[in-house]
Amino acid sequence: MNRRQAIGSIAGAVAATAAATRITHAKAAEKPALAPVAPGAHKPAPLPFNAAKLQGLSEKLLTSHHDNNYSGAVKNLNAVELELDKVTKQTPGFQVAALRERELTYANSAFLHERYFENLGGDGKPAGDIAKALSSQFGSAGRWEEVARATAMSLGGGSGWVVIALSPLTNDLRVVGTSGHAPALAAGTPLLVLDMFEHAYALDFGAAHAKYIDAFLANVNWAVVDKRWQAARK
Ligand SMILES: [Fe+2]
């Protein structure tokens with residue numbers, strides 16, 4: 001092979017590599033297809049763990065929470081979606097507004113409950129890249145927990161959610177506390193979800209919500225939280 005042929009061969013190989021890289025990048029950039037659920041067709045997800053095996057949270061509490069509160073939210077979400085499906089331009093605005101308010105409440109309740117149950121069933125030991133990211137952003141391994149606990153304590157005796165969310169709008173991790181289902185961080189991706197409604201703990205702990213927060217943190221499945229973090233960062 002002479003010099004010209006060698007250069008041509010190398011150029012060909014480089015071009016082929018570049019083309020392959022473009023194809024790979026194009027594939028990576030492809031968005032997954034939308035997967036809409038038909039109005040009224042949401043189904044409750046089963047508990048993702050053996051409810052008898054969690055430490056400090058009873059089977060009775062967990063199954064009652066899942067079967068009544070969470071499943072009730074899914075049922076109500078389905079019902080309100082079917083009503084919204086009948087909306088026309090003649091439907092009074094106040095009726096549409098009421099339906100939309102209920103839709104958001106039931107949707108957030110259903111989706112947050114799903115993430116709450118999903119992030120239980122572990123050993124409560126922060127691990128993975130998400131643990132490093134939390135320590136890095138909050139300044140120490142314990143600081144994010146101190147802030148999250150304080151937020152949860154502020155909701156004790158009432159209702160609400162504590163969510164550690166990734167905000168793609170500000171590119172940071174945020175501790176969110178809400179007193180109901182409907183408020184949420186705009187575009188925030190929930191990574192760790194704690195239910196602070198009294199129904200989440202009163203059966204086991206009465207009004208002692210601090211003990212419930214301890215039990216929750218001791219059962220967090222950090223592998224699930226880290227998986228959400230990895231997916232959100234893509
Ligand atoms: Fe709940």
Side-chain angles (χ1 to χ4, degrees), residues 37 40-81 99-122 124 145 147-166 174-185 188-222 224-225 227-228:
V37 175
H42 297 277
K43 291 188 171 43
L47 275 176
F49 48 75
N50 182 341
K53 294 284 175 69
L54 268 62
Q55 299 296 314
L57 296 169
S58 72
E59 182 177 9
K60 185 178 177 185
L61 171 72
L62 292 163
T63 53
S64 171
H65 191 181
H66 175 275
D67 296 352
N68 294 295
N69 305 100
Y70 162 54
S71 298
V74 175
K75 187 177 171 187
N76 282 324
L77 174 61
N78 285 334
V80 81
E81 280 185 352
L99 287 168
R100 284 294 180 207
E101 187 280 325
R102 288 290 85 192
E103 180 196 32
L104 186 59
T105 293
Y106 295 136
N108 275 10
S109 177
F111 305 154
L112 286 171
H113 273 109
E114 278 161 16
R115 278 142 192 82
Y116 167 75
F117 289 120
E118 274 172 12
N119 62 213
L120 282 173
E145 186 178 322
V147 175
R149 275 180 182 273
T151 307
M153 287 298 290
S154 77
L155 297 169
S159 60
W161 294 93
V162 179
V163 177
I164 293 179
L166 173 66
R174 306 179 80 86
V175 176
V176 182
T178 70
S179 58
H181 295 298
L185 178 66
T189 303
L191 303 177
L192 178 63
V193 177
L194 165 58
D195 189 337
M196 282 305 299
F197 283 73
E198 278 192 314
H199 65 237
Y201 59 87
L203 264 177
D204 282 359
F205 301 98
H209 51 273
K211 290 181 182 170
Y212 161 65
I213 297 166
D214 287 342
F216 169 80
L217 288 169
N219 285 283
V220 169
N221 187 335
W222 282 95
V224 168
V225 181
K227 197 173 167 188
R228 291 173 183 164

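One-based numbering, in listed order, for ligands and for the atoms of each. The residues of the chain are indexed from 1 along the displayed sequence.
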Any luck finding a side-chain donor-acceptor pair between N68 and H199 under 3.5 Å?
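Side-chain D/A pair, N68 to H199: absent.
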Less than 4.0 Å between a side-chain N and a carboxylate O, is that true for E118 and R115?
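E118 and R115: not salt-bridged.
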Using a strict 4.0 Å threshold on nitrogen-to-oxygen distance, state whether K60 and D204 make a salt bridge.
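A salt bridge is absent here (no side-chain N lies under 4.0 Å from a carboxylate O).
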Restricting to under 2.8 Å, identify the protein N, O or S atoms around the Fe ion (ligand 1) as residue plus atom.
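Near the Fe ion (ligand 1), the protein supplies H65 NE2, H113 NE2, D195 OD2, H199 NE2.
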If we only count heavy atoms from C-beta on, is the E198 to S159 side-chain gap below 4.5 Å?
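No, their side chains stay 4.5 Å or more apart.
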Pairwise side-chain hydrogen bond (donor to acceptor under 3.5 Å, both in side chains) hits with a residue in residues 40-52, at least two apart:
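Non-adjacent pairs meeting side-chain hydrogen bond (donor to acceptor under 3.5 Å, both in side chains): H42-E81.
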Hey, which of F117, Y212, Y70 is the one that makes side-chain contact (heavy atoms from CB on, under 4.5 Å) with D195?
Y212
